[in-house]
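The structure under discussion appears below in the form of structure tokens.
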Amino acid sequence: MTLEHGQAGPRTDWNAWHDDYADPGSALSARLVVVRSEIRRALADHAASQTDHAASQSQPVTVLSACAGDGRDILGVLAEQDERLPGRVEVTLLETDRRNLDRAERFCRDTGLTGVRLLDRDAGLSNSYLDAAPADLVLFCGVFGNLTDADVRRSIESLPALCRPGATLIWTRSRRAPDLTPSIREWLTAAGFAELSFTAPPGVQGSVGANRFDGEPAAVPPNQRLFSFVR
Ligand SMILES: C[S@@+](CC[C@H](N)C(=O)[O-])C[C@H]1O[C@@H](n2cnc3c(N)ncnc32)[C@H](O)[C@@H]1O
């Protein structure tokens, strides 16, 4: 799963990283089940609140995924065409591996999904979000485990700029020792994110969090480095 890139040190092959999804018994597949279920719940909640507020019915629900991979979490849910989901959803995926974007593009074509922007952009740069944020649903899945602790914290402190009021954030993090998730949950609370759920089954290292943004909205700061992958 890892490749050597000259002097740059070991780097993960992020295309091959997705191979574990092919095994329904893998930890990654188990994680996907939880992430999709949180996505369904968030989208259904947004659809219900739109019904409550007739004035906002014409507004699409917006989804932003940082380091989206091939986007199978959000795209897989939208392809289900569940009538409880919002009628209009606009999705932006930020991803730097062209092979993953190509797979997402193929999936959209094969399933007839529209309203999906596939952007070959560095999600660690604030400028990448200038025309993509704030969103109603923000996905940071498979991100925090690839950053230094300081970058995880900096990213969390930047999340208010990516979220509309009441937005749902879904994130994942391994709990391998030393487990950073207690700190992540505290940093999220401090940044204005109320915890909706934290799924961390005994016996597995993965965890999935869902939080609602109740804090003060913020503008995307220009020209900031939010994080860099270290793997
Ligand atoms: C662990 S995978 C997670 C993929 C997807 N979110 C998921 O959970 O299935 C991390 C992804 O981030 C992408 N990536 C790495 N650095 C990135 C960056 N600076 N900006 C955008 N994408 C990046 C990789 O190509 C890879 O597809």
Side-chain angles (χ1 to χ4, degrees), residues 1-3 5 8-24 26-40 42 63-79 91-108 116-133 135 137-148 150-152 154-155 158-159 162 168-176 180 184 199 204-210 220 223-231:
M1 198 190 283
T2 56
L3 291 178
H5 282 314
R11 287 277 183 245
T12 304
D13 177 341
W14 292 117
N15 182 49
W17 178 88
H18 288 71
D19 290 352
D20 277 2
Y21 280 128
D23 173 5
S26 70
L28 197 56
S29 293
R31 193 193 80 171
L32 180 63
V33 170
V34 179
V35 169
R36 281 183 173 164
S37 141
E38 293 294 350
I39 289 173
R40 267 183 222 107
V63 182
L64 170 60
S65 179
C67 306
D70 65 11
R72 69 180 64 201
D73 41 23
I74 177 65
L75 301 181
V77 169
L78 294 179
V91 180
T92 303
L93 305 186
L94 303 184
E95 166 61 38
T96 47
D97 190 318
R98 192 64 237 178
R99 298 166 298 177
N100 294 335
L101 289 169
D102 287 346
R103 213 164 38 245
E105 189 174 27
R106 270 198 305 279
F107 183 85
C108 291
V116 181
R117 281 201 303 167
L118 306 170
L119 303 181
D120 185 350
R121 282 192 199 166
D122 184 347
L125 279 178
S126 63
N127 286 4
S128 296
Y129 298 93
L130 287 172
D131 64 353
L137 172 59
V138 174
L139 306 179
F140 260 64
C141 298
V143 182
F144 292 153
N146 299 302
L147 313 183
T148 63
D151 272 7
V152 172
R154 196 187 349 269
S155 307
S158 308
L159 285 170
L162 307 188
T168 306
L169 165 74
I170 298 172
W171 57 277
T172 67
R173 177 64 158 86
S174 161
R175 290 177 296 145
R176 67 177 169 266
L180 193 66
I184 290 174
T199 307
V204 298
Q205 287 199 320
S207 66
V208 179
V220 176
N223 306 316
Q224 298 284 309
R225 166 63 57 192
L226 309 179
F227 62 77
S228 305
F229 267 39
V230 292
R231 289 176 214 287

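Order of appearance sets the numbers: ligands from 1, and atoms from 1 within every ligand. Along the sequence shown, the residues carry numbers beginning at 1.
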When you measure from the side chain of [X] to the backbone N and O of [Y], does any donor-acceptor pair fall under 3.5 Å?
X: Arg36; Y: Arg72; result: yes
X: Arg173; Y: Gly209; result: no
X: His18; Y: Gly69; result: no

Exercise. Does Arg40 pair with Asp73 as a salt bridge, N-O distance under 4.0 Å?
Worked result: no

Seminar exercise, completed: Near ligand 1 (heavy atom, under 4.0 angstrom), the protein residues are Trp14, Trp17, His18, Tyr21, Arg31, Cys67, Ala68, Gly69, Glu95, Thr96, Asp97, Asn100, Arg121, Asp122, Ala123, Cys141, Gly142, Asn146, Phe229

Exercise. So which of Leu93, Ile170, Leu169 actually passes side-chain contact (heavy atoms from CB on, under 4.5 Å) with Leu139?
Worked result: Ile170

Exercise. Considering residues at least two apart in sequence or located in another chain, which fulfil the ring pair (Phe, Tyr, Trp, His ring centres under 6.0 Å) criterion with Phe107?
Worked result: none

